[in-house]
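As structure tokens, the structure follows; a few thoughts come after it.
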Amino acid sequence: MKICVVGSGYVGLVAAVCFAEMGHHVQCVDNDEARIKLLREGGVPIFEAHLPELLAKHRDRGVRFISGLGEAVAESEAIFIAVGTPQGDSGAADLSYVEAVVSQIARGIRDYKVVVEKSTVPVYTNDWIRRVLHRHGVDPLNFGVVSNPEFLREGTAISDFLHPDRIVVGANEERAADVLRRIYEPLTTGSYYARPDALPGSCSMQQPAPLLVTSAQTAELIKHASNAFLALKISFINAVSNLAEAVDADIEDIAAGMGLDTRIGPKFLHAGLGYGGSCFPKDVAAFHWVAQQRGVNFQLLREIRRINDTQREVFYNKVLAALWTLRGKRLAALGLAYKGGTDDVRESPALEIIRKLLKAGAQVTAYDPAAMERAQEVLPPGDSLRYAGYLYEAAANADAVLILTDWPQFAALDLVHLKQVMRFPIMIDGRNLYKPQTMIDHGFTYVSMGRPASYPAQQDKPRKVAC
Ligand code: UDX
């Protein structure tokens, strides 16, 4: 089928390349000329597993990158809108990019098209898109509007797209829903998974991807509710982790004990520095705004955010408790991205913590396997902040190592070597990547989240003092 994807950001680019992988002819449109030029010349603008291979496979074949919308709309059966919906001052999503794109799409519609909202948008955006198309004089018989939210995670986006837990199609008319059913057919019938060149993953010929058709408003709420629920799980386990610590219990064992209950499940129960990234913070705020607009009391969403913000504070206080004062202390910060597997630093707890440490007078040397460049754009190096060329350089002569991002590399450190290069063997682990006993065996003072701190020798153990 002929498809147009508007936006070549995370969602747009991944969707465009994956639709091509499914056998469709895709035109990916962006008004950022520099990005389109880069994509045309073979560049890969984001750090994402499998993206370079799929781009190499489909560029100029299944997917073309262009900057003008008009022709692409005229030639396509479906137009996916995947532009940014940043958070406005009130917490509401700013839909001005979506509206601008819809106005442009309107000009290119001559026969029946399905306009698909792929960006995360508040409920009733579907209705607004319909109204804008009407206002621009498009015949109502010539278009359908569908909500088809995307659930992909950064770092595993390609695999999430081609092996989805579910595909949600929110359509208020059958004709439009049918177009989406045909687009996703390779995944829902399993024909894609039978191909020898298919990307392996959780779906298969026997277990193809399920597709759920709902009303447009329902689909819009499914997306916000899913993200808010995952954020809730994270905040819940973080709150329990603080309680666990107060009574000398172990949050890792608690999460394991809870996760074995199949009604709860083990995923998204990792205590740490709280969630970051471009989705959860923005979407929880936008969902809360939607509830407020509709007069629904959903204070739980406010509490999710409060707990999340507190986690960074909790970690900072642990650094203080372990080092007493921070002025002039040399700290190795391992991790800058908001999670492992990505170079994205948007709303990264790591950056927020580093800023706070610098403010307190610490000397920070940071290292991240992928996010160094992006971090330096927002947090430039200076007298107190350096970026190390390799991991152990960051730790050289450090008073403490801080683990801020859950990169697999950080979970497999050479602890003997690490101890040798550090000034004092102190690790403060915001992601619980190590077992306390392992750290004791290697002679480290080890502080983590929701577990008692552990000390190699009795004399290093502080007495409990009342605050
Ligand atoms: C998320 C959703 O998972 C995805 O469905 C949606 O489309 C976009 O938002 P993403 O932001 O890429 O995806 O990352 P995710 O892996 O969900 O992690 C989000 C944040 O939560 C990260 O900061 C991560 O470190 C944190 N997290 C996740 C935890 O702190 N604990 C956990 O148990 C899981």
Side-chain angles (χ1 to χ4, degrees), residues 9-12 14-15 46-49 82 84-85 87 93 118-121 148-161 163-168 219-220 222-241 251-252 254-256 258-259 264-287 304-305 307-312 314-315 335-353 368 370-371 403-408 410-411 429-433 448-450:
Y10 243 102
V11 173
V14 169
I46 53 174
F47 180 88
E48 195 57 56
T85 52
Q87 188 176 332
K118 197 86 176 133
S119 314
T120 302
V121 289
N148 172 221
E150 192 43 64
F151 300 98
L152 52 82
R153 289 162 299 173
E154 292 187 16
T156 53
I158 299 277
S159 168
D160 289 343
F161 194 100
H163 293 267
D165 287 347
R166 78 298 207 189
I167 299 160
V168 175
E220 288 165 336
I222 287 174
K223 173 63 192 179
H224 264 159
S226 299
N227 270 5
F229 189 76
L230 292 170
L232 165 75
K233 262 187 121 174
I234 298 169
S235 278
F236 185 85
I237 202 68
N238 280 332
V240 176
S241 120
I251 193 61
E252 294 302 316
I254 294 172
M258 287 172 64
I264 298 173
K267 292 183 181 165
F268 279 73
L269 283 184
H270 300 294
L273 302 177
Y275 58 78
S278 65
C279 290
F280 285 170
K282 170 173 82 77
D283 291 349
V284 174
F287 198 30
I304 293 172
R305 292 157 72 188
I307 295 170
N308 199 55
D309 292 343
T310 308
Q311 278 318 98
R312 291 135 209 225
V314 167
F315 182 83
L336 296 160
Y338 77 96
K339 65 170 190 175
T342 177
D343 63 349
D344 199 337
V345 296
R346 285 176 288 178
E347 301 278 335
S348 171
L351 294 198
E352 202 180 314
I353 288 164
D368 188 287
I403 297 188
L404 304 179
T405 307
D406 53 349
W407 279 99
F410 298 161
D429 181 358
R431 301 289 186 167
N432 287 3
L433 299 187
S448 57
M449 309 297 281

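First listed ligand is number 1; within each ligand, the first listed atom is number 1.
Among protein heavy atoms, the minimum distance from atom 12 (O) of ligand 1 is reached at E154 N, 2.7 Å. Protein heavy atom nearest atom 3 (O) of ligand 1, with residue, atom name and distance: R153 CG, 3.2 Å. Among all protein heavy atoms, the one lying closest to atom 22 (C) of ligand 1 is Y338 CD1, 3.7 Å. Annotation: atom 24 (C) of ligand 1 to nearest protein heavy atom, K339 CB, 4.0 Å. Nearest protein neighbour of atom 20 (C) of ligand 1, counting heavy atoms only, is Y275 CB, 3.6 Å. Among all non-hydrogen protein atoms, the one lying nearest atom 9 (O) of ligand 1 is C279 CB, 3.1 Å. When hydrogens are left out, the protein atom nearest atom 31 (N) of ligand 1 is H270 O, 3.0 Å; that is the closest non-hydrogen contact. For atom 34 (C) of ligand 1, the nearest non-hydrogen atom of the protein is F268 CD2, 3.4 Å.
Although no hydrogens or angles enter the test, the distance criterion places no donor-acceptor pair under 3.5 Å between the side chain of D343 and the main chain of A370. The main-chain N or O of I234 is found under 3.5 Å from a side-chain atom of N238 such that the two form a donor-acceptor pair. Between the side chain of D406 and the backbone N or O of R431 there is no donor-acceptor pair closer than 3.5 Å. Looking at E48, its side chain does come within 3.5 Å of a backbone N or O of A157 through a donor-acceptor pair.
Side-chain contact between M449 and D429: absent, with no pair of heavy atoms (C-beta onward) separated by less than 4.5 Å. Counting heavy atoms from C-beta on, the side chains of I222 and F151 come closer than 4.5 Å. The closest side-chain heavy-atom distance from F280 to N308 is not below 4.5 Å. Put simply, the side chain of R346 reaches to within 4.5 Å of the side chain of E154, judged on heavy atoms. Between L336 and L351 there is a side-chain heavy-atom pair separated by less than 4.5 Å.
In this structure, F287 and H224 have tilted ring planes: the angle between them lies in the 30° to 60° band.
Of all atoms in ligand 1, numbered sequentially from 1 with element shown, those under 4.0 Å from a heavy atom of E150 are 7 (O).
Taking 4.0 Å as the cut-off, K223 counts as a neighbour of ligand 1 on heavy-atom distance. At least one heavy atom of G276 sits less than 4.0 Å from an atom of ligand 1.
Nearest-residue assignment for atom 29 (C) of ligand 1 (options I234, T342, L152; heavy-atom criterion): I234.
Taking any N or O of G277, backbone or side chain, none lies under 3.5 Å from an N or O belonging to ligand 1.
Contacts of R431 with ligand 1, taken as heavy-atom pairs under 4.0 Å, involve the side chain alone. Contacts between L269 and ligand 1, counted as non-hydrogen atom pairs separated by less than 4.0 Å, involve the backbone only.
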